[in-house]
Amino acid sequence: SGYSTPAVVGDRFYLLGNDGLENESARAFSLKDGNSVWSTRLGKVGNPNQKPSFPAARSTPTVDGDALIALGSDGDLVCLGREKGDVRWRKNLRSDFGGKPGQWAYSESPLVDGNLVICTPGGADATVIALRKDTGALAWKCAVPEGDDAAYSSPIVVTAGGTRQYVQHLGKGLVGIDAATGKLLWRYAKAVSRYGANI
């Protein structure tokens, strides 16, 4: 079960799903017959006591070459080999970066930009981060002043005013972050859902 959208590449499709609240997995299926090719457990379902209650897998995995980057709803960020689902590296946005998701847990699809993986732990110290795609090592972290929860949106690449930046929708509005350095460039605090569900 879950709310993941499939990523279709070649003769397979990939998505996240959960079996109960203890097992959330990245999964690969054959386009030809729908049969399972592999399944790799990411962790448990995040924020199971959310209200209204819709706990389940949410993110769409990101495919880049022979790698698949998956973010589980509890903050388990895992780089897998696309062929067999083998784990190359693993991080947890909560425990490794002090992350703070919104009420309905982590829901973004990680952005792969060259050798960087951009994602949003939320919180005060590492609101948005860049990791090395090959190793999972931290390249930079951006702390948004006063902190901000991760929302339910995925970062995008934008070039504005001659500056390449990552734009992300957080719990309290939009931010723009310098793609080269991770420096916060701007914040627009008016784009906020009255339901606390920025998507």
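Note that the structure is a prediction, hence the values are computed from the model and not measured. For the numbers below, each heavy atom of this structure counts, side chains included, while hydrogens, waters and symmetry mates do not.
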Contact between [X] and [Y] at the side-chain level, heavy atoms closer than 4.5 Å - yes or no?
X	Y	answer
Asn92	Phe97	no
Leu77	Leu131	yes
Pro121	Thr127	no
Lys183	Ile177	no
Pro61	Leu71	no
Lys51	Gln103	yes
Thr60	Leu16	no
Asn198	Val192	yes

Any donor-acceptor pair under 3.5 Å linking the side chain of [X] with the backbone of [Y]?
X	Y	result
Arg82	Val63	no
Asp178	Thr181	yes
Trp140	Val128	no
Arg90	Leu42	yes
Gln168	Leu174	no
His169	Val175	no
Glu24	Ser73	yes

Legend entry - More than 12 heavy atoms of other groups within 6.0 Å of Asp19 CG: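 Open.
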Inset, instruction - Evaluate whether atom CD1 of Ile156 has more than 12 neighbouring non-hydrogen atoms of other residues, nucleotides or ligands under 6.0 angstrom away. - result: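 Atom CD1 in Ile156 is crowded, with more than 12 foreign heavy atoms closer than 6.0 Å.
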Legend entry - Test side-chain contact (heavy atoms from CB on, under 4.5 Å) applied to Lys32 and Arg12, step by step: CA-CA 8 Å; Lys32 181 179 179 181; Arg12 293 183 182 176; over 6 Å; no
[X] with [Y]: basic N within carboxylate O range, under 4.0 Å:
X	Y	result
Lys100	Asp149	yes
Asp66	Lys84	no
Asp148	Arg187	yes
Asp125	Lys141	yes

Legend entry - Joint cluster assignment, Leu184 & Leu111, ILVMFWY side-chain distance < 4.5 Å: yes
Within the 3.5 Å criterion, strictly below it, is a donor on [X] or [Y] matched to an acceptor on the partner's side chain?
X	Y	result
Tyr152	Arg58	no
Gln165	Trp186	yes
Asp113	Tyr166	yes
Ser154	Glu108	no

Inset, instruction - Show the numbers, then the answer: is there a side-chain contact (heavy atoms from CB on, under 4.5 Å) between Thr40 and Val87? - result: CA-CA 8 Å; Thr40 301; Val87 176; 4.0 Å; yes
Inset, instruction - Please determine which of Leu116, Ile118, Ile69, Thr120 meets the side chain to side chain contact (heavy atoms under 4.5 Å, CB included) test together with Pro110. - result: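 Of all the options given, the one that passes is Ile69.
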Inset, instruction - Go through Tyr14 and Trp38 one step at a time and tell me if the side-chain contact (heavy atoms from CB on, under 4.5 Å) criterion holds. - result: CA-CA 10 Å; Tyr14 306 88; Trp38 55 258; 4.0 Å; yes
Inset, instruction - First locate atom CG of Asp74, then atom CG of Asn47, and finally report the distance between them rounded to the nearest 0.5 Å. - result: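 Going from the CG atom of Asp74 to the CG atom of Asn47 covers 7.0 Å.
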Inset, instruction - Given side-chain contact (heavy atoms from CB on, under 4.5 Å), test Leu93 with Cys119 step by step and report yes or no. - result: CA-CA 9 Å; Leu93 300 189; Cys119 59; 4.0 Å; yes
